[in-house]
Amino acid sequence: MSDSPHYIVFTDLDATLLDHETYSHSAAQPAIDYLIREEIPLVFVTSKTQPEAVKLQEKLGLCAPFIVENGGAIFIPRCCSRFYGADHEADYEVITLGAAYDACTNLLDNLKTRFRLRGFSHMHHDEVAERTGLQSESAVMAKTRYCSEPFIMEDESLLDDLIAAVSAEGFMITKGGRFYHLIGRNQSKGSAVEALLERAEASTGIRFRSIALGDSENDFSMLQSVDIPVLIPKHDGSYAAISLPNLIKAPYPGPRGWNAVLQELFGVA
């Protein structure tokens with residue numbers, strides 16, 4: 001797998017590229033360095049927000065598109081826009097696939113009492129920091145949302161009724177590592193990955209060999225949409241209930257497993 005221009009890597013962040021407890025990516029640095037050196041795009045596909053993704057891209061020295069809020073929006077930076085069929089003056093081209101944030105929070109407000117819900121919009125950033133383990137500045141960025149709303153449920157026995165209630169309003173619920181997420185009915189990580197792949201292939205004429213890495217049921221649609229799906233074990237060593245014909249299961253949780261699989265796939269030490 002050395003023909004690097006023909007590959008593109010999609011990755012979840014929390015508990016996949018980033019450690020579940022510390023949010024460190026350090027154990028994945030060798031594989032990240034390889035991707036950068038070989039100019040293989042590393043595309044975040046995350047429940048995180050645009051400011052959080054930008055901060056991590058800057059930290060890692062990446063220039064690539066990224067997909068935020070569980071497939072709600074694709075951001076294409078100006079630094080790589082020509083590669084993805086765009087030439088724009090703004091810092092980012094934004095392709096919106098999800099529902100507007102106001103629509104998400106309005107619906108959650110209407111349902112919060114009946115279903116005992118608390119969304120990020122109901123929390124001070126200090127509470128978000130406490131619940132996520134993020135620093136205060138990062139918690140503020142986590143609250144800067146575009147098209148989805150994370151929330152917690154006090155009584156999960158009400159989940160099926162909640163799913164029915166939001167479905168009737170054109171929304172759905174997905175489960176991440178720490179929170180439920182209220183999102184638009186037509187958005188998913190997989191549909192965003194497919195849209196970006198189509199965009200890149202139409203622009204370049206290249207048939208990319210796609211790889212995706214994720215750790216939770218929330219990543220299923222993304223893993224299903226690529227050529228090489230990689231399932232990272234959870235921090236306790238268990239695997240999400242995901243089954244695909246060509247699924248690779250990483251040997252270790254988090255960035256250590258992420259690094260091991262990509263180094264093996266690309267044949268690097």
Side-chain angles (χ1 to χ4, degrees), residues 12-15 18 20 23 44-55 66-75 94-193 195 214-222 240:
D12 178 47
L13 294 180
D14 290 344
L18 305 179
H20 176 77
Y23 295 100
F44 301 158
V45 187
T46 179
S47 62
K48 291 184 180 295
T49 64
Q50 185 258 357
E52 291 177 289
V54 169
K55 182 178 180 181
F66 52 88
I67 296 165
V68 298
E69 300 186 47
N70 292 306
I74 303 168
F75 285 79
V94 184
I95 303 170
T96 304
L97 304 174
Y101 183 59
D102 285 351
C104 295
T105 56
N106 289 341
L107 178 57
L108 203 70
D109 285 342
N110 291 337
L111 299 174
K112 66 179 181 179
T113 301
R114 176 182 169 193
F115 292 102
R116 301 170 68 185
L117 311 175
R118 280 178 58 76
F120 272 23
S121 58
H122 306 135
M123 302 178 191
H124 187 271
H125 66 263
D126 288 339
E127 181 180 352
V128 173
E130 182 179 353
R131 290 185 178 278
T132 60
L134 294 169
Q135 297 297 318
S136 181
E137 178 187 1
S138 296
V140 171
M141 290 190 290
K143 280 174 58 66
T144 307
R145 310 201 66 82
Y146 192 81
C147 50
S148 69
E149 177 72 340
F151 66 93
I152 57 173
M153 292 190 73
E154 293 183 20
D155 183 358
E156 294 197 356
S157 69
L158 300 173
L159 180 59
D160 288 345
D161 290 339
L162 176 62
I163 290 171
V166 303
S167 178
E169 300 294 331
F171 289 78
M172 65 181 183
I173 292 169
T174 185
K175 181 72 165 69
R178 288 179 169 87
F179 301 95
Y180 292 98
H181 298 261
L182 180 66
I183 65 176
R185 176 183 288 159
N186 297 320
Q187 79 183 70
S188 70
K189 287 187 173 185
S191 59
V193 164
D215 74 301
S216 72
E217 287 83 356
N218 186 36
D219 297 313
F220 176 75
S221 65
M222 172 181 70

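Position 1 is the first residue of the sequence; numbering continues from there.
At least one donor-acceptor pair under 3.5 Å links the side chain of T132 to the backbone N or O of V128. A donor-acceptor pair under 3.5 Å is absent between the side-chain atoms of E69 and the main chain of H181, judged by distance alone. Using modelled atom types, no side-chain atom of R145 and backbone atom of T49 make a donor-acceptor pair closer than 3.5 Å. In terms of modelled atom types and a separation under 3.5 Å, the side chain of K175 and the main chain of S216 share no donor-acceptor contact.
Proximity of S136 to D126: side-chain heavy atoms (C-beta onward) are separated by under 4.5 Å at one or more points. Contact of the L182 side chain with the L117 side chain is not registered, since no non-hydrogen atoms from C-beta on lie closer than 4.5 Å. Residues L97 and N186 fail the side-chain proximity criterion, which asks for heavy atoms closer than 4.5 Å. Contact of the K55 side chain with the K48 side chain is not registered, since no non-hydrogen atoms from C-beta on lie closer than 4.5 Å. Taking 4.5 Å as the limit, every side-chain heavy atom of Y146 sits out of range of all side-chain heavy atoms of Q50. In this structure, K189 and N218 have side chains that are in contact, with non-hydrogen atoms separated by less than 4.5 Å. You'll find the side chain of R118 reaches within 4.5 Å of the side chain of M123, heavy atoms only. Under the 4.5 Å side-chain criterion, counting only non-hydrogen atoms from C-beta, V54 is in contact with F66.
Environment of CD in E217: crowded, with over 12 heavy atoms of neighbouring residues, nucleotides or ligands closer than 6.0 Å. The neighbour count for E127 CD, taken as heavy atoms of other residues, nucleotides or ligands under 6.0 Å away, is above 12.
Smallest separation of non-hydrogen atoms from F151 and L108: CB-CD2, 3.9 Å. Considering all non-hydrogen atoms of both residues, G190 and S221 come closest at N-OG, 2.9 Å. The two atoms that bring A195 and I74 nearest to each other are CB-CD1, 4.1 Å, heavy atoms only. When all heavy atoms of D102 and T105 are compared, the closest pair comes out as O-OG1, 3.1 Å. Between F171 and A99, the shortest heavy-atom distance links the atoms CE2-CB, 3.7 Å.
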**Prompt:** When you look at L134 and M141, which way does the side-chain contact (heavy atoms from CB on, under 4.5 Å) test go after all the steps?
**Reply:** CA-CA 10 Å; L134 294 169; M141 290 190 290; over 6 Å; no
**Request:** Show your reasoning for whether side-chain contact (heavy atoms from CB on, under 4.5 Å) applies to I163 and M172.
**Result:** CA-CA 6 Å; I163 290 171; M172 65 181 183; over 6 Å; no
**Message:** Please evaluate residues Y180 and E156 with respect to the criterion side-chain hydrogen bond (donor to acceptor under 3.5 Å, both in side chains), reporting the C-alpha separation (whole Å), side-chain torsions for both, the decisive distance (0.1 Å), and the verdict.
**Reply:** CA-CA 11 Å; Y180 292 98; E156 294 197 356; 3.2 Å; yes
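For E149, the salt bridge (Lys or Arg N to Asp or Glu O under 4.0 Å) criterion is met by no residue, not counting sequence neighbours.
Here the straight-line distance linking atom CG of N106 with atom CG of L111 works out to 11.0 Å at 0.5 Å rounding. To the nearest 0.5 angstrom, N70 atom CG is 12.5 Å from I173 atom CD1. Going from atom CZ of F220 over to atom OG of S188 covers 11.0 Å, rounded to the nearest 0.5 Å. A distance of 9.0 Å separates CE in M222 from CD1 in I67, rounded to the nearest 0.5 Å. One distance of note links CD of E52 with NZ of K143; it measures 12.0 Å at 0.5 Å rounding. One finds the CE atom of M153 at 5.0 Å from the CG atom of L162 (value rounded to the nearest 0.5 Å).
Sorted by first and then second residue, the ring-ring contact (aromatic ring centres under 6.0 Å, His included) pairs with a member in residues 101-143 read F120-F179; sequence neighbours excluded.
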